[in-house]
Amino acid sequence: MRIATFNVNGITSRLPALLRWLEETRPDVACLQELKAPQDKFPEAAINAAGYEAIWHGQKSWNGVAILARGSKPQEVGRGLAGDAEDEQSRYLEAAVDGVLVACLYLPNGNPAPGPKFDYKLQWFERLIARGAELLDSGAPVVLAGDFNVMPTELDVYKPERWTSDALFRPETRDAFHRLLAQGWCDALRTMHPGEKIYTFWDYFRNAYQRDAGLRIDHLLLSPALAGSLRAAGVDRDVRGRDKPSDHAPTWIELDLKNF
DNA sequence: ATGGCGATTATTAATCGA
């Protein structure tokens, strides 16, 4: 089973690039973030025509997440994280696909930091950590996939010293990510490629992609029930180098569930 | 250290992302 995560930065303007990538790589599950489209503007017909069924949680202008499955409808488990009744941002969606619980998440950016946006990021992180504990307690096979807006270590930033005060790399942010991992999650990309420079995002400025000035902020975390099934992981870097690209590249894992 | 690009929304400029 191939599971991918892709921050599309606007599904309306990214639809041709998304469809091309789906056709080329045929993931079994695709988690999308930053739809930047209201609920009724999701291009469901085009997704269906590509062989996928989808559930999504849209929002006008910002955020928005979706889970696509090839040839079957993702069975929704829930949307949104508990712990803040006031939170209206569409950033979290859970679904069951072929016996695997897939959580698609778009963690807040948090800049500028410090400030209210950074506070929101850290609070959102704590709510995710609480949900992570529940999911692990269930013993279910779970993948947490999405744009975490965190570079976990210095290896995950092209120039770490430039990013130490940024919301994506501040000590509080990294600490939260590491507390999440310490619950028992497996960082799939890093596990398959220890010590390697791996980026999933290159900003639009200053030829960042051409200079390989990137960040690793899109992650797939596996529960212990799934970690032993991990066979491969990677980033579809070339997608970032095409016309009209997202600033993120699709990131994926391959699980062997034959003996599951 | 700054500003650069791209998408969206409401009316050609502001906001947001990372």
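So that the names make sense, note that chain A is the first sequence line, chain B the second, and so on, each numbered from 1. Predicted, not measured: the structure shown is a model, and the values here were computed from it.
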Q. Going by heavy atoms in the side chains, are A:N111 and A:K117 under 4.5 Å from each other?
A. no
(Q) Could you tell me if the side chain of A:D28 sits less than 4.5 Å from the side chain of A:V97, heavy atoms only? (A) no
Whole angstrom is fine here: how far is it from [atom1] in [X] over to [atom2] in [N]?
| X | N | atom1 | atom2 | value |
| --- | --- | --- | --- | --- |
| A:Y209 | B:dG6 | OH | C1' | 18 Å |
| A:Q33 | B:dA7 | CD | C1' | 17 Å |
| A:L15 | B:dT8 | CG | P | 12 Å |
| A:W163 | B:dA1 | CH2 | P | 14 Å |
| A:R14 | B:dT8 | CZ | P | 8 Å |
| A:E34 | B:dG6 | CD | C1' | 11 Å |
| A:F205 | B:dA1 | CZ | P | 18 Å |
| A:K244 | B:dC5 | NZ | C1' | 12 Å |

Could you tell me how far [M] sits from [N] if I compare only their [atom1] atoms? Round to whole Å.
| N | M | atom1 | value |
| --- | --- | --- | --- |
| B:dT2 | B:dG6 | P | 23 Å |
| B:dA1 | B:dA14 | C1' | 24 Å |
| B:dA7 | B:dT12 | C1' | 15 Å |
| B:dA10 | B:dC5 | P | 25 Å |

Side-chain N or O of [X] less than 4.0 angstrom from OP1 or OP2 on [N]?
| X | N | result |
| --- | --- | --- |
| A:K117 | B:dG17 | yes |
| A:K36 | B:dC16 | no |
| A:S61 | B:dA7 | no |

Using a 4.0 Å heavy-atom cut-off across all strands, classify [X] as base, sugar-phosphate, or nothing.
| X | answer |
| --- | --- |
| A:N7 | sugar-phosphate |
| A:D247 | nothing |
| A:D218 | nothing |

Q. Is the NZ or CZ atom of A:R216 both under 6.0 Å from the centre of the six-membered ring of A:Y199 and within 45° of that ring's axis?
A. no
**Q.** Under 3.5 Å side-chain donor-acceptor pair for A:S246 and A:N9
**A.** no
(Q) Please determine whether residues A:Y120 and A:Y106 belong to a single hydrophobic cluster, defined as Ile, Leu, Val, Met, Phe, Trp and Tyr linked transitively by side-chain heavy-atom distances below 4.5 Å. (A) no
Q. Is there a chain of hydrophobic side chains (I, L, V, M, F, W, Y, each step under 4.5 Å between heavy atoms) that links A:V100 to A:L144?
A. no
Q.
Of the listed nucleotides (B:dC5, B:dT2, B:dA7), which one gets closest to any side-chain atom of A:R162?
A. B:dT2
Q: For the side chain of A:K60, starting at C-beta, report the closest nucleotide among B:dT8, B:dA10, B:dG17.
A: B:dA10
Q: Please tell me which of A:D203 and A:A37 maps to the more 5' nucleotide of DNA chain B, matching each residue to the nucleotide holding its nearest heavy atom.
A: A:D203
**Q.** Residue mapping more 5' on DNA chain B - nearest nucleotide basis, A:N9 or A:P112
**A.** A:N9
